[in-house]
S.K.: 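Sharing a structure below in structure tokens format, with a few things to ask.
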Amino acid sequence: LIEKAYWGPKARASGIEASQIIPTSLQSQVKFESEVEVGAKKIALYYTILKYDPVNEVMTLRVDGGAPGVEIRNNVFTLSTKLGRFVELPNLFIGFPKLYMQIIDRPSPDQAILAIGEKIKASDKSS
């Protein structure tokens, strides 16, 4: 994980309360993981970039993971690699909030800084 003190406010300004800031290459078969804490529960999520299309600026990811008593496998979704676009992660955990992924920076054409967390309600954005 990288400097949350730097990237956290950038994610918050774009509308996501990022519990995880993750740098990644945008190459096929690159893997990264995140762990999101909700109350006393933790969700461990493992991502694999299946495909990156630089022309259309989208990547296809597979997510696997689990929390105590729950396991998910082979959930595939697409994320725009354009700055500021959100995607809702598959919400397969009953009682957990919706989580979102967003690209908050592109330091180079094949690199991205991802924010993963909950969306900020409009009333909370000013705090």
Side-chain angles (χ1 to χ4, degrees):
L1 298 179
I2 60 170
E3 228 11 84
K4 190 173 178 185
Y6 177 78
W7 294 107
K10 193 169 187 168
R12 188 168 178 75
S14 67
I16 193 167
E17 185 62 61
S19 56
Q20 300 278 285
I21 305 289
I22 301 167
T24 187
S25 168
L26 296 175
Q27 304 296 319
S28 290
Q29 301 310 307
V30 165
K31 297 180 182 194
F32 57 94
E33 62 185 77
S34 69
E35 185 173 88
V36 180
E37 213 169 305
V38 181
K41 298 178 181 179
K42 291 184 180 181
I43 306 171
L45 298 172
Y46 305 94
Y47 305 88
T48 303
I49 297 174
L50 300 176
K51 180 181 176 187
Y52 172 57
D53 178 350
V55 174
N56 294 309
E57 296 186 86
V58 295
M59 67 176 164
T60 303
L61 296 120
R62 183 183 72 227
V63 62
D64 302 296
V70 181
E71 198 170 326
I72 60 169
R73 295 243 183 258
N74 209 27
N75 285 278
V76 177
F77 64 97
T78 301
L79 173 66
S80 171
T81 58
K82 294 177 182 172
L83 292 178
R85 301 276 173 90
F86 289 96
V87 66
E88 184 179 336
L89 298 179
N91 192 3
L92 301 175
F93 301 104
I94 296 169
F96 281 79
K98 292 180 181 179
L99 294 175
Y100 295 84
M101 181 182 285
Q102 178 187 42
I103 292 183
I104 56 172
D105 199 9
R106 295 281 305 276
S108 69
D110 65 344
Q111 293 279 93
I113 306 295
L114 301 170
I116 300 172
E118 295 179 65
K119 242 182 186 178
I120 297 172
K121 296 179 189 90
S123 60
D124 294 342
K125 230 178 175 182
S126 59
S127 56

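Since this is a predicted model, take the numbers as computed values, not measurements.
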S.K.: List in chain and number order the residues that pass side-chain hydrogen bond (donor to acceptor under 3.5 Å, both in side chains) with Glu17, two or more places apart in sequence or in another chain; answer none if no residue qualifies.
M.R.: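 Only Arg12 meet the side-chain hydrogen bond (donor to acceptor under 3.5 Å, both in side chains) criterion with Glu17.
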S.K.: Should Ile103 and Arg85 count as side-chain neighbours, where that means a heavy-atom distance under 4.5 Å?
M.R.: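 Heavy-atom side-chain distance check fails, nothing below 4.5 Å.
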S.K.: Any chance you could measure Tyr46, atom OH, to Arg73, atom CZ, to the nearest 0.5 Å?
M.R.: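 If I round to the nearest 0.5 Å, the distance is 10.0 Å.
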S.K.: Taking the side chain as C-beta and beyond, is there a heavy-atom pair between Tyr47 and Ile116 under 4.5 Å?
M.R.: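 Tyr47 reaches Ile116 side chain to side chain.
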S.K.: Which pair of heavy atoms, one from Ile104 and one from Ala11, lies closest together, and at what distance?
M.R.: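 For Ile104 versus Ala11, the nearest heavy atoms are CG2-CA, 4.0 Å.
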S.K.: By side-chain contact (heavy atoms from CB on, under 4.5 Å), which residues pair with Phe86, not counting sequence neighbours?
M.R.: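 Phe86 satisfies side-chain contact (heavy atoms from CB on, under 4.5 Å) with Ile16, Tyr100, Gln102, Lys119 once adjacent residues are dropped.
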S.K.: Can you hop from Leu50 to Leu79 via hydrophobic side chains spaced under 4.5 Å?
M.R.: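 In one cluster: no.
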S.K.: Which residue pairs pass the ring pair (Phe, Tyr, Trp, His ring centres under 6.0 Å) test when at least one of the two sits in residues 8-31, sequence neighbours left out?
M.R.: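 Not a single pair qualifies under ring pair (Phe, Tyr, Trp, His ring centres under 6.0 Å).
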S.K.: Check whether Leu26 and Phe32 end up in the same hydrophobic cluster, where Ile, Leu, Val, Met, Phe, Trp and Tyr are linked by side-chain heavy atoms less than 4.5 Å apart.
M.R.: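 Yes, Leu26 connects to Phe32 through the hydrophobic network.
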S.K.: What pairs with Pro109 under side-chain contact (heavy atoms from CB on, under 4.5 Å), at least two apart in sequence or on another chain?
M.R.: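 If we apply the side-chain contact (heavy atoms from CB on, under 4.5 Å) test to Pro109, skipping adjacent residues, there are no hits.
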S.K.: Do the side chains of Val76 and Ile49 join up, straight or via other hydrophobic residues, at under 4.5 Å, putting them in one cluster?
M.R.: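 No, Val76 and Ile49 fall in different hydrophobic clusters.
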S.K.: Can you see which heavy atom on Thr24 is nearest to which on Leu114, and at what distance?
M.R.: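 Heavy-atom minimum between the residues: CG2-CD1, 3.8 Å.
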S.K.: Only pairs under 3.5 Å count here: list side-chain donor-acceptor contacts from residues 56-66, not counting sequence neighbours, and write none if there are none.
M.R.:
unit_1: Asn56; atom_1: ND2; unit_2: Asp53; atom_2: OD2; d: 2.8
unit_1: Arg62; atom_1: NE; unit_2: Asp64; atom_2: OD2; d: 3.1
unit_1: Arg62; atom_1: NH2; unit_2: Thr48; atom_2: OG1; d: 3.4
unit_1: Asp64; atom_1: OD1; unit_2: Asn74; atom_2: N; d: 2.5

S.K.: Side-chain heavy atoms under 4.5 angstrom apart, residues restricted to Ile, Leu, Val, Met, Phe, Trp, Tyr: same cluster for Leu45 and Val87?
M.R.: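 Yes, because Leu45 and Val87 connect within a single hydrophobic cluster, where side-chain heavy atoms sit under 4.5 Å apart.
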S.K.: Could you check whether any side-chain heavy atom of Leu99 comes within less than 4.5 Å of a side-chain heavy atom of Glu88, counting everything from C-beta outward?
M.R.: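 In short, these two side chains do not touch, never coming nearer than 4.5 Å.
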S.K.: side-chain hydrogen bond (donor to acceptor under 3.5 Å, both in side chains) with Ser25: which residues, sequence neighbours excluded?
M.R.: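 In terms of side-chain hydrogen bond (donor to acceptor under 3.5 Å, both in side chains), with neighbours along the sequence ignored, Ser25 is linked to no residue.
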S.K.: Using the test ring-ring contact (aromatic ring centres under 6.0 Å, His included), find all partners of Tyr52 that sit at least two apart in sequence or belong to another chain.
M.R.: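 ring-ring contact (aromatic ring centres under 6.0 Å, His included) check on Tyr52 returns nothing, list empty.
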S.K.: Side chains of Asp110 and Gln27, heavy atoms from C-beta outward: is any pair under 4.5 Å?
M.R.: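 With C-beta onward as the side chain, the pair touches.
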